[in-house]
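Here is the structure we will look at, set down as structure tokens.
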Amino acid sequence: MSIKGTVFRYGNNVDTDAIIPARYLNSSDPEELAAHCMEDIDETFLAKIKPGDIIVAGRNFGCGSSREHAPVAIKAAGISCVIAETFARIFFRNAINIGLPILECPEAVAEAKQGHVLSVDLALGKITNETLNKSYEATVYPQFMLDIIHAGGLVPHTKQRLAREKLDAS
Amino acid sequence: MSNHAPMTMAEAILAAHCGQEFVKPGDLVQVDVDMVLANDITAPLAIIEFGKLGVDKVFDKERITLVPDHFTPNKDIKSAEQAKMMREFAHKYGIVNYFEVGRMGIEHALLPEQGLVLPGDIIVGADSHTCTYGAVGAFATGMGSTDIAVAMATGQAWMKVPETLRFVYTGKLQPWVSGKDLILYTIGKVGVDGALYDAIEFTGPTIDTLSMDSRLTMSNMAIEAGAKAGMFYVDAITKAYVQPRAKRPYKAIAGDANAPVSQIIEIDASAIEPQIAFPHLPSNTRGVSESTDVTIDQVVIGSCTNGRWEDLVTAANLLKGRQVNPNLRCIIIPGTQAIYRRAVEEGLATIFVDAGAVFSTPTCGPCLGGHMGVLAAGERCVSTTNRNFVGRMGHTESEVYLASPAVAAASAVMGRIATPQELE
Ligand code: SF4
């Protein structure tokens with residue numbers, strides 16, 4: 001899966017209340033959630049993003065609540081990938097589990113500016129800043145997580161596992 | 001004795017739940033869980049994902065707890081739909097621990113109180129403050145709805161074994177200093193990602209005499225330092241709390257005292273004064289005595305952080321015979337129905353109402369800007385909750401200051417951030 005898009009740049013500790021404010025959590029609908037994505041820290045976000053664009057942020061992206069609505073909103077808004085120095089751990093799990101690509105790469109983050117164009121090769125964990133014509137290696141996922149990603153998320157992965165166990169038992 | 005290398009408490013609990021004799025930080029393990037939790041906000045997504053798994057039953061009807069606490073009693077039609085979806089799921093699958101409005105409490109006050117989370121357990125919840133149960137010596141951590149859907153179906157969850165970060169607190173606490181002040185001070189010291197992915201151990205002589213309610217407050221906010229879990233060793237105080245409540249047998253797991261940890265941070269607790277976290281991060285802490293020039297519009301005493309009995313008693317002691325400042329609203333919310341009832345029986349409810357405060361049924365309500373005390377632009381609130389992010393309790397131009405019940409009650413009387421000593 002190859003990804004290419006324009007950078008939307010944020011700082012450290014972007015929290016889940018910023019990604020999707022709790023006042024909208026009376027819905028679980030991805031489209032409704034996407035309509036309010038990032039609005040409390042960047043009112044122009046939704047007006048400006050194009051499908052495939054990339055969020056680049058500093059440390060501890062997605063800290064705060066366990067709400068899966070946060071990566072769901074980002075994905076449904078059309079963002080193709082989030083690149084950060086580090087992710088808060090529940091956000092990290094949730095993104096993997098629902099199939100939102102995320103990468104940790106402090107070097108790429110350090111040099112990426114608002115409006116730069118990045119391309120990402122997820123299989124290789126390679127990020128290229130097309131504007132600067134420079135490439136970076138992101139932290140590689142352990143095999144277990146790659147299996148979840150390749151299955152298309154935790155639910156299909158578990159479904160496959162349950163089916164296998166049933167076969168073994170019969 | 002065993003012949004493997006020593007393990008910390010977190011490692012030993014994880015090992016005991018994945019059928020391995022030994023685990024070490026960084027290992028990925030599939031663990032059997034003792035309790036799975038979701039609420040009216042996170043359960044609907046989990047139920048949708050559960051439906052996709054193609055299973056026709058949950059792994060264990062007694063080991064799932066569903067609590068409608070966030071937007072309940074239903075604040076609007078959409079919230080009502082979400083609560084209904086969870087209620088119908090609970091009925092369809094025969095979930096034993098579904099707590100209806102009128103019998104419920106804020107989940108992280110309710111589960112320990114009801115003896116549903118026990119020493120040595122692994123608990124996963126679709127709520128970030130699931131880490132609260134570390135206070136009873138469990139390994140408890142928050143996850144997302146998809147993880148919880150899978151856990152409801154299989155009784156299992158995948159985890160990376162965390163490093164252990166140990167805090168050692170020494171010294172006698174100053175007057176009015178509680179678990180809330182200790183944890184705010186600690187987060188201020190290490191930052192909001194200072195314990196990212198770690199299991200925290202709260203230890204030391206100061207902790208040995210700390211009440212269960214204060215311990216629950218500290219574990220509750222471990223996530224505010226980025227931690228995966230925030231744990232206390234099981235001692236006489238834990239046992240006195242857990243034994244009369246436990247709904248099933250349990251086995252405390254201590255780990256090995258000589259197990260290596262990633263870091264040990266020593267804190268002189270005797271030097272800590274009541275703390276307050278300024279907007280917009282829980283790590284933005286200061287001493288209350290240097291912050292008394294901030295006027296406020298609202299005080300909230302409640303939440304899964306500080307809605308327990310000890311918290312209400314502290315607030316009542318300060319509000320008794322006094323009046324809430326005419327320039328602000330004071331909203332007091334007990335954590336559970338049992339605490340609510342006791343507050344009525346023992347006269348606390350009367351003290352609050354006489355002081356001019358709101359005293360409501362349990363709900364998360366204002367903590368996440370849901371209802372029951374949402375803030376307008378420019379308003380400031382001193383709150384005993386756990387997060388003060390931009391827009392957390394309402395308008396993005398409102399401000400939340402996090403503090404203990406003592407500081408919140410004193411501030412409610414003074415109409416500004418105040419130390420409890422000012423009322424003495
Ligand atoms: S009281 Fe606040 S922090 Fe606690 S569970 Fe409810 S919304 Fe979350």
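In the text below, chain A, chain B and the rest are named by the order of the sequence lines, each starting its count at 1. Heavy-atom basis, side chains included; hydrogens, waters and symmetry copies ignored.
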| said: With chain B as the partner, which of C63(A), P21(A), S65(A), P71(A) has the greatest number of non-hydrogen pairs under 4.5 Å? | reply: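 Heavy-atom pair counts peak at S65(A).
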| said: Below 4.5 Å, heavy-atom pairs only: which of N60(A), N94(A), L162(A), I98(A) has the largest tally toward chain B? | reply: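 Greatest number of close heavy-atom pairs with chain B: N60(A).
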Is chain A contacted by the side chain of [X], its backbone, both, or neither, given a heavy-atom distance below 4.5 Å?
X: Q156(B); value: side chain
X: L368(B); value: both
X: I223(B); value: side chain
X: T146(B); value: both

| task | With side-chain contact (heavy atoms from CB on, under 4.5 Å) as the test, would you mind laying out the steps for F389(B) and N13(A) before giving the verdict? | result | CA-CA 10 Å; F389(B) 300 146; N13(A) 304 315; over 6 Å; no
| How about R392(B) and D15(A): do any of their side-chain heavy atoms sit closer than 4.5 Å? |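 Answer no - side chains too far apart.
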Name the member of [options] that forms the most heavy-atom pairs with chain A at distances under 4.5 Å.
options: H280(B), K78(B), E49(B); answer: K78(B)
options: T141(B), L281(B), V390(B); answer: T141(B)
options: A149(B), S145(B), G54(B), S79(B); answer: S145(B)
options: D40(B), V150(B), T42(B), T130(B); answer: V150(B)

| Could you state the interatomic distance from CZ (R23(A)) to NE2 (H371(B)), rounded to the nearest 0.5 Å? |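 Those atoms lie 15.5 Å apart.
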| request: Check whether F92(A) gets within reach of chain B through its side chain, its backbone, both or neither, counting any heavy atom under 4.5 Å. | output: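 For F92(A), the contact with chain B is made by the side chain alone.
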| query | Side chain, backbone, both or neither: which part of H69(A) has a non-hydrogen atom closer than 4.5 Å to chain B? | reply |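 Contact with chain B: backbone and side chain both.
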| said: If you compare all heavy atoms of N26(A) against all heavy atoms of F71(B), which two are closest, and at what distance to 0.1 Å? | reply: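 Shortest heavy-atom separation between N26(A) and F71(B) comes out as N-CE1, 3.8 Å.
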| query | With sequence neighbours excluded, what pairs up with P366(B) under the side-chain contact (heavy atoms from CB on, under 4.5 Å) test? | reply |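 Residues passing side-chain contact (heavy atoms from CB on, under 4.5 Å) with P366(B): V300(B), I333(B), M372(B), M393(B).
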[X] atom [atom1], neighbour heavy-atom count above 12 within 6.0 Å:
X: D168(A); atom1: CG; result: yes
X: K160(B); atom1: NZ; result: no
X: I77(B); atom1: CD1; result: no
X: Q114(A); atom1: CD; result: yes

| request: Identify whether the distance between the nearest side-chain nitrogen and carboxylate oxygen of D147(B) and R93(A) falls below 4.0 Å. | output: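 Yes, D147(B) and R93(A) are salt-bridged.
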| query | Going through the distances and angles, do N97(A) and W158(B) end up as a side-chain contact (heavy atoms from CB on, under 4.5 Å)? | reply | CA-CA 11 Å; N97(A) 285 346; W158(B) 68 267; 3.9 Å; yes
| message | For residues 192-199 of chain B, give me every residue with a non-hydrogen atom less than 4.5 Å from any non-hydrogen atom of chain A. | response |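 Within residues 192-199 of chain B, the residues that come under 4.5 Å of chain A (heavy atoms only) are V192(B), D193(B), L196(B), Y197(B).
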